[in-house]
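Values below: every heavy atom of this structure, side chains too, minus hydrogens, waters and symmetry copies. All chains are named by letter (A, B, ...) in the order of the sequence lines, taking the proteins before the strands, and each is independently numbered beginning at 1.
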Amino acid sequence: MIVNEVRQDLLQLLGPERYRDDKEALVTHSYDATPMLQSLPDAVVYPDSTSEVQHILRLANKHRIPIVPRGAASNLCGGTVPVSGGIVVAMTRMNKLLELDTDNLTATVQPGLNTKQFHREVEKRGLFYPPDPSSMVISTLGGNIMEGAGGLRGLKYGTTKDYVIGLEAVLPSGEVITTGGKLYKDVAGYDLTKLLVGSEGTLAIITEATVKLIPAPRVRQTMLVAFQDIYAAARSVSRIVGAGIIPATLEFMDQPTIRVVEEYNHIGLPIDMQAVLLIEQDGQESASVQKDMDAIVSICGEEGAARIETARDEREAEQLMKARRSALSTLARIRPTTILEDATVPRSRIADMVLAINRIAAQYELNICTFGHAGDGNLHPTCTTDARNTEEIHRVEQAFADIFEEAIRLGGTITGEHGVGTVKAPYLEWKVGEAGIALMKGIKQAFDPNGIMNPGKIFAKSARKRLVITR
Amino acid sequence: MNSREQDDQRKGALKQQLVNTLDYEQLMNCMRCGFCQPACPTFHQTGLEAASPRGRIALMKAVADGLMEPDEAFKQQMDLCLGCRACEPVCPSDVKYGQLLEQTKDALFEHAEPAGAIPLRGLHKFAKPIFKRHRRLRLMSTILHAYQRSGLQRLANKGNLLRWLPAHMQTMERIMPHADSRGVVKRVGGHRFEAKGERIGTVGLFRGCIMDVLFTETNVNTVRLLTESGYDVVIPKEQSCCGALFSHSGDRDTAREFAKQNVKVFGDAKVDYIASNAGGCGAMLVEYDHLLADEAEWVGPAREFAVQVKDISELLLRSQRWNQLPEAAVQSKTAAQPETTRDDTVTVTYQDSCHLRNVMRAGEGPRQLLRLIPDTNFVELEGGEVCCGSAGIYNLVQPQMANDIVDSRMEAVRDTKASIILTSNPGCLLQMKVGVEREKANDRIQVMHVVDYFAEKILK
């Protein structure tokens, strides 16, 4: 419940259209794309300007009301679920592309701008903003920045964090900070820009961002390689990268994933194969792209690939990539609940990780499909299950704990691109250690002494006991 | 029982029906990925989560879970949905949104507030016998015809009598085509026509109700094109309304009655295909198996009926006859890169019929057909797959949203520089005419049914 004083204040600031606390607004801001997670906020606000955000935060800080910043709520870590109630700050009305600066190759945007729409605008000018999370048709740039979103092109081009070079953000106190700028070099003090990227709404609300752009590659080739042996596919990934070739995308899907994706998309994926790799190389010159593609073909051939297909045109290439982009949601057809994780390992350990996932799935008698950005070691083991079956859900939790454990053992991490949110908070300490958690809490304290910013995210009330595995 | 108690009882019954009938598996299948949102016209206009398919499903689930009451806001949000079902083809999880919406609308209709129910239920009571018997519909159209032709319409306009109508009704009155009380059967003079040239099969024409009185010419052209293509055509006499207008507003029982009549009549006519030239009707017809799923003796015949239903474009494309047409002068272009055209080519664009595209999944047909027509520069409408705001009677009950939507469609039309907007459904045709009227572009832009354009270019 929002106390009347605050309610009246916000109503006066925003009007009844942009301050909502009716059931409809609360229910439709109680979830994101994370399964089995729902919690009602006490109010939803839709600010139009930085100064409105300042006003809202100042008020919430004074009254110690939780604040949950929200873009499109397409994240998978529970990042925008108001687990402690409070006010959801929906940033979708602040959705303008403020500037495309072709002299400095930067774009300045408001956080509510849709990622796909931004891509289109940028590409019209022959420029390129590489981060392409699978949810980009609905996601917002603000959401991408807060979650440190990755995507299919992460291997060659990096992820959101590599492109954000300046931010305007409102602190819980209501003060505005600006970090970085249209600068490729800037070492003035701590890098607050990078600190805010991936902070999951726990430190501040960003109200403006400057990102860098690069010239769009002119040539692109896409191929699909199918393997009867899952190990051979994983080994090929390691060998391609090991040979000094960095493909624009290097995506992996295992057999159960291939089957459902084909059923939905009808693009002729070989459903009898154990694994496929979707490989894309781009560049400015077709000769160098072709050279890379030829080398990849010969490596895959040596590893015993059963089928190598090259997309003949843009449309075919788009179809192949679409298959991979919709893999997650397509898996939702198998059973009602789909739980997807993003354990990530150094790319040389991909084969070991895929094997471990298969073993763990068998051990807990679960159906786990694995796909992901194999080139950067970022796998998406995805479990199809049913939230109503508590016994099975318990096994799912155990299996994922084992998967995280294994990823860390291989030198990896519990999350490569989805964020910690509430879902992985209990495991964070496994990755960053006790001292790491204490330091992060200290940073949080410095930004948000009253703990109003997205409470319940990143830091768990109690960490999971890590099992000691002797093997 | 006082009125307060009655109201509580009504609300309780509404909630209970929603809990009982909403398909919980479907609600669970929505994984809230949000991929539906870019396809949703009301989300596009409002930017509000609640006005998106993901939001509406969350609201339905919240009611089913007992998390919220199906209150007035809930009803309004469901009414705001166009039912265009553009969310379905883009849903990776294959959630049957249309079915969930119907289940919700069914319950809302059944337990409507008395004040609201009298007009709606009264309207249905009035409309049902008219739509059931084609003869009576034609009688109604005679009255409209008389109004339009007797000078009464002129008189009403002159005397400014129509200003008493809401603005959107005035627009409607202006763009309404001239009613033809004779219908296709009288116009073509019979119920049975023989194929010309090599025979492909027998087609039963589903003539529709609105189609047959307001767009008789389109039905006439449909018969001509079908026979030219090599189909024997029959027009079964006892066919009734498809039931869509009833089903979409929650009166599924009446829709079922109509469905059974049509299944029987077309079954008796022993046809190979059932031709629909209205996406809205066709979508209703292809889902008769779902509509009659609970009636054991009907579900089999309904399934047979449903697979026979084809959009007119698809049937025409099956004929070899049109392959010999000279290649279209200019192939389809996107709006971004319109090509300079020869003087005698006509630039046309196409507004999708949502139900043709999203339910019949036959949206490519009209496009392929348009590419066959000589001297035609077909330019894709940007976002042509987005609903135009017609959506059955949506433009009458939600005029504000419908106008906002059609205005944004007209912006896209402007970019195509088309002089003709083509559609494949009467509701869309009228709505795009509203758009043209609102844009004051009547002298520059025509709105036509694909069938009429094809006939004009090919048969004349």
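- When heavy atoms are compared at a cutoff of 4.5 Å, A/Asn95 does not approach chain B at all.
- Between chain B and the options A/Ala387, A/Ala73, A/Pro35, the largest number of non-hydrogen pairs under 4.5 Å is found for A/Ala73.
- To the nearest 0.5 angstrom, B/Met60 atom CE is 4.5 Å from B/Tyr97 atom OH.
- Inspection of the B/Glu49 and A/Tyr31 side chains reveals an N or O donor paired with an N or O acceptor under 3.5 Å.
- Contacts of B/Ser408 classified as side-chain hydrogen bond (donor to acceptor under 3.5 Å, both in side chains), with partners at least two apart in sequence or in another chain: B/Gln45.
- The pair B/Asp71-A/Lys23 does not count as a salt bridge, with every side-chain nitrogen at least 4.0 angstrom from each carboxylate oxygen.
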Open item on the list: Test salt bridge (Lys or Arg N to Asp or Glu O under 4.0 Å) on B/Glu287 and B/Arg361; report intermediate values, then the result.
Closed with: CA-CA 12 Å; B/Glu287 291 196 330; B/Arg361 308 273 169 118; over 6 Å; no
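- Proximity to chain A (any heavy atom under 4.5 Å) is shown, for B/Val63, by neither the backbone nor the side chain.
- Side-chain atoms of A/Asp386 and B/Met28, non-hydrogen and from C-beta on, do get closer than 4.5 Å to each other.
- Contacts between B/Gln26 and chain A at a heavy-atom distance below 4.5 Å are absent for every atom of the residue.
- Residue B/Leu59 holds its CG atom at 12.0 Å from CZ of B/Arg54, rounded to the nearest 0.5 Å.
- Neither the backbone nor the side chain of B/Phe43 comes within less than 4.5 Å of any heavy atom of chain A.
- The residue among B/Ala58, B/Cys36, B/Ala50 with the most heavy atom pairs within less than 4.5 Å of chain A is B/Ala50.
- Contact of B/Cys30 with chain A is not made at all, since no heavy-atom distance falls under 4.5 Å.
- Of the atoms belonging to A/Gln117, not a single heavy atom falls under 4.5 Å from chain B.
- For A/Ser139, no part sits under 4.5 Å from any heavy atom of chain B, backbone or side chain.
- Put simply, NE2 on B/His111 and CG on B/Leu108 are 9.5 Å apart, with the number rounded to the nearest 0.5 Å.
- Along residues 82-93 of chain A, the residues that come nearer than 4.5 angstrom to chain B, judged on non-hydrogen atoms, are A/Thr92 in order of number.
- With salt bridges taken as basic N to acidic carboxylate O contacts below 4.0 Å, one links B/Arg10 and B/Asp7.
- Ion pair B/Asp23/B/Lys96 not flagged as a salt bridge, since none of the NZ, NE, NH1 or NH2 atoms sits closer than 4.0 Å to an Asp/Glu carboxylate oxygen.
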